[in-house]
Amino acid sequence: CVTYNTVINGLCKAGETSLAERVLREDMCKWDIKPNLRTFSSLIDGFSNERKVDDALRLFNEILDKGMVPNTTVYNSLLNCFLKQGFVEYARYLLSSMMDSRTSPDHFTYTILVEGFLRNGFVKEAFECHQKMREESLCKDVVSYNILINYFCKHGKIKEAKQMLANIITSHLVPDVITYTTLMDGCCKLSGVDDALHVFDGMVKYEQRPNVVTYNTIINGLCKEDSVDAARFIMDEMMRTGLHVDVLTYNTLLNAYCNRESFDEAVSLCLHMRKLKVMENESTYNVLINFVCKFGFFQLAKELLKAMIDRGIFPDQITYTTLIASSIKSCSPPEVLEMHDFLVLRGVIPD
RNA sequence: CUGACAUGUAUCUGU
């Protein structure tokens, strides 16, 4: 059973949850191995990440039908699924059944609720959940604080965000790399890179190691303040010190070079990326497509679109908006429609 | 007695 759970969980994480379910139905039944709650949690979480709420709910009901008793993790997975897709009322209902069945919430439950309520605009309830978790001494880590810091930062409230960091420390918890990075990103966007660097100093002082995301955040902040060369210096330093850069590092700088119209730098960065075998993603192509569109090279944009599909990267809503907005300016109405149909046919849902 | 498998938070691109 452990072996199967490992395989099933791997498939779920790889976005192959339907296949994982077939493994359950066919292989496990064949050998008469009984799935347990972990098996179901993996599958529910897998469907959750694929936004298949119906399937997640179906598996939850199957647990009940089999006479098994869902534990906290199973409830958490389904709660998270509902809240991520905006089904707040379902989540509330599930939460009350969880209470009725005397399944006690843990710190995961609370952080899922805090994040989910904030995501769906129920700010007051989110804060109440956070408070309740603290009162029940279930606040075992800083995740819920991190979520609140992110909320404040995304709503322009840098002062409140910093206050939350102070609250973490007075609660005798230890801010982690995500706490600092979240706050640094808020600083970059609200009070400038200089301020973010103060936070960075604090992080180092409290012995939290910056990671790739931390540096990407700084690089992005510098790029947005037109200090692209300083940003590039950081990237070079990362590589020199053996910290591996990722696709977001490249995308951030690539976008900055494009905005600055440093064509040569942009091209050489793309080559650099290939050489280090960092795979491009949707954003990489979106940056390039946006760049060529801005100069009215719509044919070139089409070629990039083809190249991205050939590499197995699917256009998304941003690709759509970029291409449609540009085609309206430089193409005839039939061509705009042709592009629209083409993208919709590849699964893009226009917003 | 011990060990292996499940759930939550941060950074890039368009309008």
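Set against B:C12, B:U9, B:A6, the side chain of A:Asn71 has B:A6 as its closest nucleotide. Each of B:U9, B:C5, B:U13 was ranked by its minimum atom distance to the side chain of A:Ile318; first place goes to B:U13. In the set B:U13, B:A10, B:C5, the nucleotide with an atom closest to the side chain of A:Arg38 is B:C5. Of the listed nucleotides (B:U7, B:C5, B:U11), B:C5 has the atom at the smallest distance from the side chain of A:Thr6. Candidate nucleotides B:U7, B:A6, B:C12 were compared by shortest atom distance to the side chain of A:Ser42, and B:A6 ranks first. Residue A:Asn80 has its side chain nearest to B:U7 when only B:U7, B:C5, B:U15 are considered.
On a pure distance criterion of 3.5 Å, no polar donor-acceptor pair joins the side chain of A:Asp176 and the base of B:A10. No hydrogens or angles were tested; on distance alone, nothing pairs the side chain of A:Thr322 with the base of B:G14 as donor and acceptor under 3.5 Å.
For the ring pair (Phe, Tyr, Trp, His ring centres under 6.0 Å) with A:His130, the qualifying choice from A:Tyr110, A:Tyr151, A:Tyr145 is A:Tyr145, the only one to do so.
Nucleic acid contact class of A:Lys189 (heavy atoms, under 4.0 Å, all strands): sugar-phosphate only. Among the atoms of the strands shown, base atoms are found under 4.0 Å from some heavy atom of A:Thr111. If you check every strand for non-hydrogen atoms under 4.0 Å, A:Val287 touches sugar and phosphate atoms only. At a threshold of 4.0 angstrom between heavy atoms, the contacts of A:Asn259 with the nucleic acid are absent. Within 4.0 Å (heavy atoms only), A:Thr252 reaches sugar-phosphate atoms of the nucleic acid but no base atom. Contacts of A:Ser283 with the nucleic acid, taken as non-hydrogen atoms under 4.0 Å apart, include base atoms. Note on A:Asn49: nothing from the nucleic acid sits closer than 4.0 angstrom, heavy atoms only. Using a 4.0 Å heavy-atom distance criterion, A:Thr182 is classed as a sugar-phosphate-only contact. Within the nucleic acid shown, A:Asp141 comes within 4.0 Å of at least one base atom, counting heavy atoms only. Residue contacts for A:Asp351: at a heavy-atom cut-off of 4.0 Å it reaches a base atom on one of the strands shown. If you check every strand for non-hydrogen atoms under 4.0 Å, A:Thr217 touches sugar and phosphate atoms only. Residue A:Thr73 is in base contact, counting any heavy-atom pair closer than 4.0 Å across all strands shown.
Regarding A:Arg119, its CZ atom lies at a distance of 12 Å from the P atom of B:G8, rounded to whole Å. A:Leu59 places its CG atom 13 Å from the C1' atom of B:A6, with the value rounded to the nearest Å. For the pair A:Asn286 CG and B:U15 P, the computed distance is 11 Å after rounding to whole Å. Between the P atom of B:U7 and the CG atom of A:Asp106 lies a distance of 12 Å, rounded to the nearest Å. Atom CD1 of A:Ile178 and atom P of B:U9 are 9 Å apart (whole Å). A straight line from CZ of A:Phe200 to C1' of B:U11 spans 14 Å, rounded to a whole angstrom. Following rounding to the nearest Å, A:Glu282 (CD) and B:C12 (P) show an atom-to-atom distance of 15 Å. The distance from atom CD1 of A:Ile44 to atom C1' of B:C5 is 16 Å, rounded to the nearest whole Å.
Between B:U7 and A:Lys84, no contact under 4.0 Å exists linking OP1 or OP2 to a side-chain N or O. For the pair A:Lys13 and B:U7, the criterion of a side-chain N or O lying under 4.0 Å from OP1 or OP2 is met. Dashed line: the shortest gap from a side-chain N or O of A:Lys224 to OP1 or OP2 of B:U13 is under 4.0 Å.
Ring pair A:Phe117/A:Phe122 is perpendicular by interplanar angle, where above 60° counts as perpendicular and below 30° as parallel.
Counting only heavy atoms from C-beta outward, the side chains of A:His340 and A:Pro350 approach each other to under 4.5 Å.
A salt bridge between A:Asp27 and A:Lys30 is absent, with no side-chain N of the basic residue lying under 4.0 Å from a carboxylate O of the acidic one.
Taking the six-membered ring wherever Trp is involved, the centroid distance between the rings of A:Tyr75 and A:Phe60 falls below 6.0 Å.
Taking a 6.0 Å sphere around CZ of A:Arg25, one finds it holds more than 12 heavy atoms contributed by other residues, nucleotides or ligands.
A cation-pi arrangement is absent between A:Arg311 and A:Tyr285 under the rule of less than 6.0 angstrom and at most 45 degrees off the ring axis.
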